[in-house]
Amino acid sequence: MESTFSQQVYKIVKAIPKGKVMTYGQIALLLGVPRASRQVGWALHSVPEEYQVPCQRVVNRYGGLAAGYGWGGQLAHRAELEADGVEIREDFTVDLEKYQWHPTEAEIVLLQLPLESLERLNQKLAFSNERLSQPRRKNSKN
DNA sequence: ATATTGACCAGTT
DNA sequence: TAACTGGCCAATA
C-alpha cells in the first residue's frame with residue numbers, strides 16, 4: 001500500500017484515544033521526520049471530512065489550539081476537544097502534562113511505524129521535561 | 001516556472 | 001528574554 005506522509009499522519013491521529021492529544025512535532029517524530037511538523041499541520045488542514053480523522057486531538061508544542069482550525073478556528077477546536085472531555089484553559093491551551101498521549105512500543109508496532117523513532121521519542125521526552133516545565137503563556141491580560 | 005506562505009518546531013543569536 | 005534561522009513541502013492568500 002502506498003503510505004504517503006499525509007496518510008501516515010491520519011493513521012496516527014486516528015489512533016489517539018479520546019480524551020488525549022498529541023503535538024504536531026511528536027507526530028513528525030514518530031514518522032521519523034523530526035522537523036516535518038509543518039507538514040503534519042498541512043496534512044490535517046487538508047484532510048477530507050469522510051476520513052473521520054479526529055484532528056482536534058492535535059495541538060502545538062505548548063498545548064495551544066489551532067488558530068486556523070477549519071472555519072471556526074480555536075472556538076471550533078475547543079468545542080470538539082471539550083466534547084472529548086479535555087479541559088481547555090482560557091488562553092486556548094491544554095495541559096500537556098495531563099492530556100498528552102505517549103504511545104507504547106506495542107502501539108507503535110501496531111501502527112507499523114519505525115521503532116527507532118521510539119528511542120528518539122524517549123530521548124525527547126526526558127529532554128522536554130525540563131524544557132517545557134514552564135511554558136510561557138502569552139496572554140497576560142485576561 | 002519561481003516565490004511565498006503556513007493548523008509548526010528546535011536551535012542559535 | 002525575544003527575535004531570528006533553517007528545516008519541511010504542498011498549496012497558492
Side-chain angles (χ1 to χ4, degrees), chain A residues 1-105 107-109 111-142:
Chain A
M1 79 160 67
E2 72 285 335
S3 53
T4 65
F5 185 85
S6 294
Q7 287 173 331
Q8 289 189 284
V9 170
Y10 303 153
K11 191 168 60 174
I12 292 180
V13 175
K14 279 188 168 185
I16 304 176
K18 180 178 179 179
K20 289 290 179 179
V21 301
M22 286 182 92
T23 69
Y24 300 99
Q26 186 186 5
I27 291 170
L29 199 62
L30 278 176
L31 287 178
V33 193
R35 291 170 196 143
S37 44
R38 255 182 147 147
Q39 270 49 58
V40 175
W42 256 112
L44 294 177
H45 178 257
S46 55
V47 60
E49 183 81 21
E50 62 267 24
Y51 281 28
Q52 298 189 319
V53 176
C55 314
Q56 76 273 18
R57 293 173 194 163
V58 184
V59 299
N60 70 22
R61 73 190 138 159
Y62 298 122
L65 271 46
Y69 189 94
W71 290 98
Q74 291 183 318
L75 289 174
H77 198 165
R78 180 175 64 181
E80 293 185 28
L81 256 187
E82 283 179 337
D84 273 358
V86 174
E87 188 181 350
I88 313 294
R89 300 185 188 114
E90 288 189 19
D91 61 352
F92 290 91
T93 65
V94 306
D95 185 353
L96 283 183
E97 300 275 330
K98 188 172 176 182
Y99 293 109
Q100 185 171 15
W101 182 50
H102 303 292
T104 66
E105 184 172 333
E107 285 163 331
I108 290 179
V109 171
L111 287 171
Q112 300 177 342
L113 296 173
L115 262 187
E116 48 183 65
S117 54
L118 185 63
E119 296 181 19
R120 303 199 62 160
L121 188 65
N122 287 335
Q123 283 180 273
K124 202 62 164 186
L125 280 180
F127 188 61
S128 44
N129 274 345
E130 303 180 15
R131 267 194 138 254
L132 295 178
S133 56
Q134 25 178 287
R136 223 22 84 195
R137 302 239 217 102
K138 293 197 174 178
N139 76 336
S140 45
K141 51 187 78 174
N142 303 333

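Everything numeric here is computed off the predicted structure, so don't read it as measured data. By convention in this document, chain letters (A, B, ...) are assigned in the order of the sequence lines, proteins followed by strands, and residues within each chain are numbered from 1.
- One atom, CD of Q56(A), and another, P of dA7(B), lie 18 Å apart when rounded to the nearest Å.
- The partner of dA13(C) cannot be assigned: no Watson-Crick or G-U wobble pair with both contacts below 3.5 Å exists in any strand.
- Separating the CD1 atom of I12(A) from the P atom of dA7(B) is a distance of 21 Å, rounded to the nearest angstrom.
- Side-chain atoms of Y24(A) and base atoms of dA7(B) include a donor and an acceptor less than 3.5 Å apart.
- Between L31(A) atom CG and dG7(C) atom C1' there is a gap of 16 Å when expressed in whole angstrom units.
- Residue R61(A) places at least one side-chain N or O under 4.0 Å from the OP1 or OP2 atom of dC9(B).
- Looking at heavy atoms from C-beta onward, E82(A) lies in side-chain contact with I88(A) at the 4.5 angstrom threshold.
- Taking atom P in both dT1(C) and dC8(B), the straight-line distance is 22 Å, to the nearest Å.
- Protein atom CG of L29(A) is 15 Å distant from nucleotide atom C1' of dG11(B), rounded to whole Å.
- Rounding to whole angstrom units, CD of residue Q74(A) and P of dA7(B) are separated by 11 Å.
- The CH2-P distance, from W42(A) to dT5(B), rounds to 13 Å in whole Å.
- A donor-acceptor contact under 3.5 Å is formed by the side chain of R38(A) with the base of dG7(C).
- The aromatic rings of Y69(A) and H77(A) lie parallel to each other, their planes meeting at an angle below 30°, with 60° marking the opposite boundary.
- Across the strands present, dT2(B) finds no partner; the criterion is a Watson-Crick or G-U wobble pair with both atom distances under 3.5 angstrom.
- In terms of polar N and O atoms assigned as donor or acceptor, the side chain of S37(A) comes within less than 3.5 Å of the base of dC8(B) in a complementary pairing.
- By the 4.5 Å heavy-atom criterion applied to side chains, Q26(A) and P103(A) are counted as neighbours.
- Checking dA7(B), dG7(C), dC9(C) against every side-chain atom of Q39(A), the shortest atom distance belongs to dC9(C).
- Whole-Å rounding puts the Q7(A) CD to dC9(C) C1' distance at 16 Å.
- Side-chain contact check for V94(A) versus L65(A): some heavy-atom pair is nearer than 4.5 Å.
- At whole-Å resolution of the value, CG in L44(A) and C1' in dC8(C) are 15 Å apart.
- Across dA7(B) and dA2(C), the matching C1' atoms stand 23 Å from one another, rounded to whole Å.
- No donor-acceptor pair closer than 3.5 Å links the side chain of Y99(A) to the backbone N or O of R57(A).
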